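What follows is a set of notes on a single structure, which appears directly below.
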Amino acid sequence: MDGIITSIFEYPYKKIGLDELEKIIKLGDYAKLVETISSLIDRQIIKPVKQSGKNGLNPSLYLKYHIMNKPAPDKQLINEINSLHYMIEPGVFRKNTEKYIKNREFILILDDYLKAHSSNLEYPLSENERAYQIWNDEKALDKDDNIALLKSCNVFDKLNTYPTPEPFFDYRRGNDIKNVLVIENKDTWFTVRKLMLDTPNFAGLFGVKIDCVIYGEGRKVTQKNNSLQDYLNIDSHFEGKVWYWGDIDHEGIDIFLSFVNISPELDIFPFAEAYRKMTELFEHLLSDGNTERLKGHTNQRQPDNISKFYQSIDSESAERIKDLLHNGYYIPQEILNYAVLKDYIYCEG
(Lines give C-alpha, C1' and ligand atoms only; values in the text may rest on other atoms or scores of the structure.)
Protein backbone atom coordinates (compact mmCIF):
# COMPACT_ATOMS: atom_id res chain seq x y z
CA MET A 1 0.00 0.00 0.00
CA ASP A 2 2.87 2.42 0.76
CA GLY A 3 4.12 2.09 -2.83
CA ILE A 4 0.65 2.81 -4.19
CA ILE A 5 0.29 5.91 -2.01
CA THR A 6 3.73 7.18 -3.07
CA SER A 7 2.82 6.73 -6.76
CA ILE A 8 -0.46 8.59 -6.29
CA PHE A 9 1.25 11.57 -4.64
CA GLU A 10 3.81 11.58 -7.48
CA TYR A 11 1.03 11.77 -10.11
CA PRO A 12 1.47 15.12 -11.93
CA TYR A 13 -2.18 16.30 -11.71
CA LYS A 14 -4.60 17.09 -8.90
CA LYS A 15 -7.22 14.71 -10.30
CA ILE A 16 -6.79 11.12 -11.41
CA GLY A 17 -9.08 8.95 -13.50
CA LEU A 18 -10.17 5.44 -12.55
CA ASP A 19 -8.20 3.96 -15.45
CA GLU A 20 -4.98 5.61 -14.21
CA LEU A 21 -5.68 4.41 -10.66
CA GLU A 22 -6.02 0.86 -11.96
CA LYS A 23 -2.60 1.13 -13.62
CA ILE A 24 -1.05 2.27 -10.32
CA ILE A 25 -2.82 -0.33 -8.17
CA LYS A 26 -2.11 -3.17 -10.63
CA LEU A 27 -4.79 -5.57 -9.45
CA GLY A 28 -6.57 -7.81 -11.94
CA ASP A 29 -9.30 -8.70 -9.44
CA TYR A 30 -12.14 -6.13 -9.42
CA ALA A 31 -13.21 -6.88 -5.83
CA LYS A 32 -9.67 -6.17 -4.60
CA LEU A 33 -9.58 -2.97 -6.69
CA VAL A 34 -12.78 -1.78 -4.97
CA GLU A 35 -11.34 -2.68 -1.57
CA THR A 36 -8.08 -0.82 -2.26
CA ILE A 37 -9.80 2.33 -3.55
CA SER A 38 -12.14 2.30 -0.52
CA SER A 39 -9.09 2.09 1.75
CA LEU A 40 -7.44 5.02 -0.06
CA ILE A 41 -10.60 7.08 0.43
CA ASP A 42 -10.78 6.15 4.13
CA ARG A 43 -7.15 7.17 4.56
CA GLN A 44 -7.89 10.51 2.88
CA ILE A 45 -5.43 9.88 0.06
CA ILE A 46 -8.10 10.39 -2.62
CA LYS A 47 -11.67 11.74 -2.68
CA PRO A 48 -14.31 10.86 -5.32
CA VAL A 49 -15.32 13.51 -7.86
CA LYS A 50 -19.04 12.81 -7.63
CA GLN A 51 -19.87 14.79 -10.77
CA SER A 52 -17.71 12.38 -12.80
CA GLY A 53 -20.30 9.61 -12.57
CA LYS A 54 -19.77 5.92 -11.93
CA ASN A 55 -18.57 3.00 -14.02
CA GLY A 56 -21.86 1.07 -13.91
CA LEU A 57 -20.42 -2.07 -12.26
CA ASN A 58 -21.52 -3.57 -8.97
CA PRO A 59 -20.14 -2.37 -6.64
CA SER A 60 -19.60 0.79 -8.59
CA LEU A 61 -16.62 3.13 -8.58
CA TYR A 62 -16.43 6.82 -9.47
CA LEU A 63 -14.64 7.62 -12.71
CA LYS A 64 -12.45 10.42 -11.27
CA TYR A 65 -10.85 11.27 -7.91
CA HIS A 66 -9.27 14.30 -6.26
CA ILE A 67 -5.73 13.65 -4.98
CA MET A 68 -5.64 15.10 -1.48
CA ASN A 69 -2.73 17.13 -0.17
CA LYS A 70 0.13 14.99 1.03
CA PRO A 71 0.04 15.00 4.85
CA ALA A 72 2.89 16.69 6.63
CA PRO A 73 5.29 14.23 8.25
CA ASP A 74 4.47 13.39 11.83
CA LYS A 75 6.43 15.69 14.16
CA GLN A 76 7.43 12.78 16.39
CA LEU A 77 8.76 10.89 13.36
CA ILE A 78 10.83 13.88 12.23
CA ASN A 79 12.24 14.24 15.75
CA GLU A 80 13.19 10.57 15.67
CA ILE A 81 14.95 11.00 12.33
CA ASN A 82 16.80 14.09 13.59
CA SER A 83 17.99 12.19 16.66
CA LEU A 84 19.73 9.43 14.69
CA HIS A 85 23.44 8.94 15.40
CA TYR A 86 25.54 11.56 13.66
CA MET A 87 27.10 8.96 11.34
CA ILE A 88 23.66 8.42 9.77
CA GLU A 89 22.89 11.50 7.70
CA PRO A 90 19.15 12.22 8.18
CA GLY A 91 18.51 14.41 5.11
CA VAL A 92 17.41 11.59 2.80
CA PHE A 93 14.85 10.44 5.38
CA ARG A 94 13.51 13.94 6.05
CA LYS A 95 12.88 14.28 2.31
CA ASN A 96 11.37 10.80 2.00
CA THR A 97 9.73 9.72 5.25
CA GLU A 98 8.12 6.73 3.50
CA LYS A 99 11.62 5.39 2.87
CA TYR A 100 12.43 5.77 6.56
CA ILE A 101 9.18 4.13 7.70
CA LYS A 102 9.77 1.18 5.35
CA ASN A 103 13.31 0.63 6.72
CA ARG A 104 12.78 1.94 10.25
CA GLU A 105 13.61 -1.25 12.16
CA PHE A 106 16.82 -1.81 10.17
CA ILE A 107 17.96 1.79 10.70
CA LEU A 108 17.07 1.89 14.40
CA ILE A 109 19.07 -1.27 15.11
CA LEU A 110 22.06 0.43 13.47
CA ASP A 111 21.35 3.65 15.39
CA ASP A 112 21.26 1.79 18.73
CA TYR A 113 24.50 0.01 17.90
CA LEU A 114 26.33 3.20 16.91
CA LYS A 115 25.19 5.02 20.03
CA ALA A 116 26.43 2.20 22.26
CA HIS A 117 29.36 0.68 20.38
CA SER A 118 30.69 3.04 17.68
CA SER A 119 34.21 2.52 19.05
CA ASN A 120 34.02 -1.04 17.67
CA LEU A 121 34.29 0.44 14.18
CA GLU A 122 37.96 1.12 14.87
CA TYR A 123 38.78 -2.39 13.70
CA PRO A 124 37.94 -3.38 10.12
CA LEU A 125 35.64 -6.39 9.88
CA SER A 126 34.43 -8.38 6.91
CA GLU A 127 30.98 -7.39 5.69
CA ASN A 128 29.36 -10.53 7.14
CA GLU A 129 31.11 -10.09 10.47
CA ARG A 130 30.02 -6.47 10.75
CA ALA A 131 26.48 -7.39 9.71
CA TYR A 132 26.25 -9.98 12.48
CA GLN A 133 27.84 -7.61 14.99
CA ILE A 134 25.23 -4.94 14.29
CA TRP A 135 22.04 -6.73 13.15
CA ASN A 136 22.70 -10.29 14.40
CA ASP A 137 22.22 -11.28 10.76
CA GLU A 138 25.43 -12.12 8.94
CA LYS A 139 23.65 -11.81 5.57
CA ALA A 140 22.29 -8.28 6.16
CA LEU A 141 24.95 -6.71 3.94
CA ASP A 142 24.53 -9.34 1.22
CA LYS A 143 21.33 -7.58 0.15
CA ASP A 144 21.74 -4.88 -2.49
CA ASP A 145 18.76 -2.91 -1.16
CA ASN A 146 20.33 -2.68 2.30
CA ILE A 147 23.68 -1.52 0.91
CA ALA A 148 21.94 1.08 -1.27
CA LEU A 149 20.00 2.31 1.76
CA LEU A 150 23.14 2.66 3.88
CA LYS A 151 24.96 4.43 1.06
CA SER A 152 22.04 6.84 0.60
CA CYS A 153 22.52 8.11 4.16
CA ASN A 154 26.33 8.05 3.82
CA VAL A 155 26.95 5.48 6.56
CA PHE A 156 28.05 2.38 4.64
CA ASP A 157 31.70 3.39 4.27
CA LYS A 158 31.83 4.38 7.93
CA LEU A 159 31.08 0.79 8.98
CA ASN A 160 34.74 0.00 8.16
CA THR A 161 34.25 -3.33 6.39
CA TYR A 162 36.47 -5.15 3.97
CA PRO A 163 35.25 -7.29 1.07
CA THR A 164 35.96 -11.01 0.99
CA PRO A 165 36.42 -12.03 -2.64
CA GLU A 166 36.56 -15.69 -3.61
CA PRO A 167 39.71 -16.88 -1.83
CA PHE A 168 42.45 -19.26 -2.71
CA PHE A 169 41.55 -22.58 -1.18
CA ASP A 170 44.28 -22.45 1.44
CA TYR A 171 46.96 -20.28 3.00
CA ARG A 172 50.15 -21.90 4.33
CA ARG A 173 53.00 -20.70 6.48
CA GLY A 174 56.01 -22.66 5.25
CA ASN A 175 56.18 -26.07 3.64
CA ASP A 176 56.27 -28.33 6.70
CA ILE A 177 52.53 -28.71 7.29
CA LYS A 178 51.75 -30.39 10.60
CA ASN A 179 48.71 -28.48 11.91
CA VAL A 180 45.80 -27.70 9.60
CA LEU A 181 42.71 -25.61 10.43
CA VAL A 182 39.70 -26.18 8.17
CA ILE A 183 37.09 -23.39 8.31
CA GLU A 184 33.51 -23.77 7.07
CA ASN A 185 32.79 -20.21 5.94
CA LYS A 186 34.60 -17.83 3.61
CA ASP A 187 34.51 -14.71 5.79
CA THR A 188 36.08 -16.46 8.78
CA TRP A 189 38.70 -18.13 6.57
CA PHE A 190 39.61 -14.75 5.10
CA THR A 191 39.80 -13.16 8.57
CA VAL A 192 42.12 -15.87 9.95
CA ARG A 193 44.29 -15.55 6.84
CA LYS A 194 44.38 -11.76 7.34
CA LEU A 195 45.48 -12.24 10.96
CA MET A 196 48.26 -14.58 9.81
CA LEU A 197 49.44 -12.00 7.26
CA ASP A 198 49.14 -9.05 9.67
CA THR A 199 50.94 -10.71 12.61
CA PRO A 200 54.73 -11.16 12.61
CA ASN A 201 55.73 -14.58 13.99
CA PHE A 202 52.12 -15.82 14.00
CA ALA A 203 52.03 -19.37 15.37
CA GLY A 204 48.39 -20.13 16.10
CA LEU A 205 45.04 -19.31 17.73
CA PHE A 206 43.59 -20.29 21.10
CA GLY A 207 46.83 -22.06 21.96
CA VAL A 208 46.62 -24.30 18.89
CA LYS A 209 49.51 -24.20 16.42
CA ILE A 210 48.36 -23.51 12.83
CA ASP A 211 50.57 -24.05 9.77
CA CYS A 212 47.80 -23.96 7.19
CA VAL A 213 44.25 -22.62 7.07
CA ILE A 214 41.80 -24.08 4.53
CA TYR A 215 38.45 -22.74 3.38
CA GLY A 216 36.16 -25.77 3.52
CA GLU A 217 33.39 -24.18 1.39
CA GLY A 218 30.55 -25.65 3.42
CA ARG A 219 30.06 -29.29 2.44
CA LYS A 220 32.76 -29.26 -0.22
CA VAL A 221 35.27 -30.56 2.30
CA THR A 222 33.07 -33.65 2.87
CA GLN A 223 33.13 -34.78 -0.76
CA LYS A 224 35.09 -37.95 -1.44
CA ASN A 225 36.48 -36.53 -4.66
CA ASN A 226 37.79 -33.54 -2.66
CA SER A 227 40.09 -35.55 -0.41
CA LEU A 228 41.90 -33.23 1.96
CA GLN A 229 44.75 -35.69 2.25
CA ASP A 230 45.25 -35.65 -1.52
CA TYR A 231 45.05 -31.86 -1.60
CA LEU A 232 47.73 -31.38 1.04
CA ASN A 233 49.84 -34.17 -0.47
CA ILE A 234 50.09 -35.80 2.95
CA ASP A 235 51.23 -39.41 2.89
CA SER A 236 49.62 -42.21 4.86
CA HIS A 237 52.11 -41.73 7.72
CA PHE A 238 51.00 -38.18 8.49
CA GLU A 239 51.03 -37.71 12.27
CA GLY A 240 49.87 -34.11 12.46
CA LYS A 241 46.42 -32.85 13.36
CA VAL A 242 43.49 -31.37 11.45
CA TRP A 243 41.17 -28.99 13.31
CA TYR A 244 37.69 -28.25 12.04
CA TRP A 245 35.74 -25.09 12.84
CA GLY A 246 32.22 -24.32 11.63
CA ASP A 247 28.91 -22.75 12.63
CA ILE A 248 27.21 -23.98 15.79
CA ASP A 249 24.06 -25.40 14.29
CA HIS A 250 22.97 -28.85 13.17
CA GLU A 251 24.28 -28.26 9.66
CA GLY A 252 27.72 -27.14 10.83
CA ILE A 253 28.01 -30.05 13.26
CA ASP A 254 26.91 -32.51 10.56
CA ILE A 255 29.62 -31.16 8.21
CA PHE A 256 32.24 -31.89 10.90
CA LEU A 257 30.89 -35.41 11.48
CA SER A 258 30.71 -36.14 7.73
CA PHE A 259 34.26 -34.81 7.26
CA VAL A 260 35.52 -37.17 9.97
CA ASN A 261 33.56 -40.07 8.46
CA ILE A 262 34.99 -39.72 4.93
CA SER A 263 38.56 -39.00 6.15
CA PRO A 264 39.52 -41.97 8.37
CA GLU A 265 43.18 -41.45 7.49
CA LEU A 266 43.24 -38.01 9.11
CA ASP A 267 43.31 -37.14 12.81
CA ILE A 268 40.45 -34.59 12.90
CA PHE A 269 39.31 -32.63 15.96
CA PRO A 270 36.79 -29.83 16.50
CA PHE A 271 38.44 -26.46 17.14
CA ALA A 272 37.06 -26.63 20.67
CA GLU A 273 38.28 -23.34 22.15
CA ALA A 274 36.74 -21.41 19.25
CA TYR A 275 33.40 -23.14 19.87
CA ARG A 276 33.69 -22.30 23.56
CA LYS A 277 34.32 -18.61 22.83
CA MET A 278 31.47 -18.50 20.28
CA THR A 279 29.10 -19.86 22.94
CA GLU A 280 30.33 -17.40 25.55
CA LEU A 281 29.80 -14.35 23.30
CA PHE A 282 26.41 -15.60 22.14
CA GLU A 283 25.17 -16.08 25.69
CA HIS A 284 26.22 -12.48 26.35
CA LEU A 285 24.05 -11.37 23.41
CA LEU A 286 21.13 -13.33 24.86
CA SER A 287 21.56 -11.55 28.18
CA ASP A 288 20.93 -8.27 26.32
CA GLY A 289 17.43 -9.48 25.39
CA ASN A 290 17.95 -10.08 21.65
CA THR A 291 16.28 -13.49 21.82
CA GLU A 292 13.96 -13.33 18.78
CA ARG A 293 16.58 -11.89 16.40
CA LEU A 294 18.96 -14.66 17.39
CA LYS A 295 16.69 -17.58 16.53
CA GLY A 296 18.18 -19.95 14.00
CA HIS A 297 17.43 -22.40 11.19
CA THR A 298 14.53 -24.38 12.66
CA ASN A 299 14.19 -26.60 9.58
CA GLN A 300 17.58 -28.25 10.07
CA ARG A 301 17.63 -31.93 10.96
CA GLN A 302 19.68 -33.04 13.95
CA PRO A 303 22.47 -35.42 12.90
CA ASP A 304 21.86 -39.00 14.06
CA ASN A 305 25.39 -39.23 15.43
CA ILE A 306 25.53 -35.79 17.05
CA SER A 307 26.66 -37.38 20.32
CA LYS A 308 30.08 -37.98 18.69
CA PHE A 309 30.54 -34.23 18.34
CA TYR A 310 29.57 -33.62 21.98
CA GLN A 311 31.97 -36.35 23.11
CA SER A 312 34.83 -34.67 21.25
CA ILE A 313 34.56 -31.36 23.16
CA ASP A 314 34.56 -30.63 26.88
CA SER A 315 31.39 -31.55 28.76
CA GLU A 316 30.57 -27.98 29.84
CA SER A 317 30.66 -26.65 26.27
CA ALA A 318 28.68 -29.66 25.07
CA GLU A 319 25.86 -29.00 27.55
CA ARG A 320 25.74 -25.28 26.71
CA ILE A 321 25.58 -25.99 22.96
CA LYS A 322 22.90 -28.67 23.46
CA ASP A 323 20.77 -26.18 25.40
CA LEU A 324 21.15 -23.43 22.77
CA LEU A 325 20.25 -25.74 19.88
CA HIS A 326 17.31 -27.18 21.80
CA ASN A 327 15.93 -23.64 22.22
CA GLY A 328 16.17 -22.88 18.50
CA TYR A 329 19.35 -20.80 18.44
CA TYR A 330 22.37 -21.04 16.18
CA ILE A 331 25.75 -19.31 16.24
CA PRO A 332 27.55 -18.40 12.99
CA GLN A 333 31.32 -18.28 12.90
CA GLU A 334 31.13 -14.55 12.16
CA ILE A 335 30.54 -13.89 15.86
CA LEU A 336 34.31 -14.39 16.26
CA ASN A 337 35.43 -11.51 14.10
CA TYR A 338 38.84 -9.95 13.52
CA ALA A 339 38.62 -7.74 16.61
CA VAL A 340 37.88 -10.75 18.82
CA LEU A 341 40.33 -13.23 17.31
CA LYS A 342 43.30 -10.84 17.44
CA ASP A 343 43.31 -11.28 21.23
CA TYR A 344 43.73 -15.05 20.93
CA ILE A 345 46.79 -15.13 18.66
CA TYR A 346 49.99 -16.61 19.97
CA CYS A 347 53.40 -16.07 18.41
CA GLU A 348 56.74 -17.86 18.34
CA GLY A 349 60.20 -16.54 17.68
Side-chain angles (χ1 to χ4, degrees), residues 1-84 88-112 131 135-137 139-156 291-293 295-299 328:
M1 180 65 80
D2 288 343
I4 292 172
I5 292 172
T6 298
S7 295
I8 289 172
F9 284 132
E10 289 175 350
Y11 191 71
Y13 304 107
K14 293 292 186 181
K15 292 181 184 178
I16 186 168
L18 178 59
D19 56 341
E20 291 298 318
L21 264 181
E22 288 185 68
K23 291 177 184 177
I24 289 173
I25 295 171
K26 296 178 183 177
L27 290 174
D29 184 86
Y30 184 71
K32 290 181 179 178
L33 176 66
V34 172
E35 181 182 339
T36 301
I37 289 178
S38 296
S39 175
L40 291 169
I41 293 170
D42 291 341
R43 295 172 69 168
Q44 299 184 342
I45 305 301
I46 58 175
K47 180 181 179 181
V49 179
K50 295 185 178 180
Q51 296 87 344
S52 68
K54 295 186 175 182
N55 62 356
L57 300 178
N58 186 23
S60 60
L61 291 169
Y62 285 96
L63 295 175
K64 287 188 178 180
Y65 298 84
H66 292 287
I67 297 175
M68 308 302 285
N69 291 329
K70 186 176 182 179
D74 179 80
K75 185 176 180 181
Q76 184 175 352
L77 183 67
I78 293 297
N79 288 339
E80 180 177 294
I81 292 171
N82 288 335
S83 69
L84 292 172
I88 306 171
E89 295 186 11
V92 66
F93 299 128
R94 285 198 293 258
K95 293 176 183 176
N96 188 347
T97 53
E98 288 88 354
K99 181 175 185 176
Y100 179 74
I101 292 168
K102 180 181 177 182
N103 299 285
R104 182 172 179 267
E105 181 181 3
F106 183 81
I107 292 296
L108 286 181
I109 291 172
L110 173 60
D111 178 60
D112 288 343
W135 292 279
N136 302 137
D137 174 7
K139 302 299 183 185
L141 296 179
D142 273 358
K143 301 167 186 173
D144 291 341
D145 287 349
N146 287 347
I147 292 177
L149 175 70
L150 295 173
K151 286 183 176 180
S152 74
C153 56
N154 293 319
V155 72
F156 181 76
T291 54
E292 288 307 310
R293 293 212 311 267
K295 290 290 183 179
H297 310 301
T298 56
N299 60 339

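As the structure is a prediction and not an experimental result, all values here were calculated from the model.
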Side-chain donor/acceptor pairs under 3.5 Å, residues 141-148, sequence neighbours excluded:
{"residue": "Asn146", "atom": "ND2", "partner": "Ala140", "partner atom": "O", "Å": "2.9"}

Side-chain donor-acceptor distances from residues 12-20 under 3.5 Å, at least two apart:
{"residue": "Glu20", "atom": "OE2", "partner": "Lys23", "partner atom": "NZ", "Å": "3.4"}

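A distance of 11.0 Å separates CG in Leu63 from CG in Leu21, rounded to the nearest 0.5 Å. Taken to the nearest 0.5 Å, the CD atom of Glu98 stands 5.5 Å off from the CG atom of Asn96.
Taking the side chain as every heavy atom from C-beta outward, Leu40 and Ile4 approach each other to under 4.5 Å. With contacts defined as side-chain heavy-atom distances shorter than 4.5 Å, the pair Leu84/Leu108 qualifies. The closest side-chain heavy-atom distance from Ile25 to Ile37 is below 4.5 Å.
Contacts of Asp29 classified as side-chain contact (heavy atoms from CB on, under 4.5 Å), with partners at least two apart in sequence or in another chain: Ala31, Lys32. Judged as a side chain to side chain donor-acceptor pair (under 3.5 Å), and not counting sequence neighbours, the contacts of Asn154 are Glu89. With sequence neighbours left out, the side-chain contact (heavy atoms from CB on, under 4.5 Å) criterion links Val92 to Lys99, Ser152, Cys153. For Phe93, the ring pair (Phe, Tyr, Trp, His ring centres under 6.0 Å) partners at least two apart in sequence or on another chain are Tyr100. Scored by the side chain to side chain donor-acceptor pair (under 3.5 Å) test, Asp111 finds Lys115 as partners (sequence neighbours excluded). Here Tyr11 pairs with nothing under the side chain to side chain donor-acceptor pair (under 3.5 Å) rule; sequence neighbours left out. With sequence neighbours excluded, the residues satisfying side chain to side chain donor-acceptor pair (under 3.5 Å) with Asn136 are Arg293. For the ring pair (Phe, Tyr, Trp, His ring centres under 6.0 Å) test, no residue two or more places apart in sequence or in another chain qualifies with Tyr62.
Applying the ring-ring contact (aromatic ring centres under 6.0 Å, His included) test to pairs two or more places apart or on separate chains, none has a residue in residues 15-42. Evaluation of the salt bridge (charged side-chain N to carboxylate O under 4.0 Å, His left out) test over residues 47-63, restricted to residues two or more places apart or in two chains, returns none.
Formation of a donor-acceptor pair under 3.5 Å by the Ser38 side chain with backbone atoms of Val34 is found in this model.
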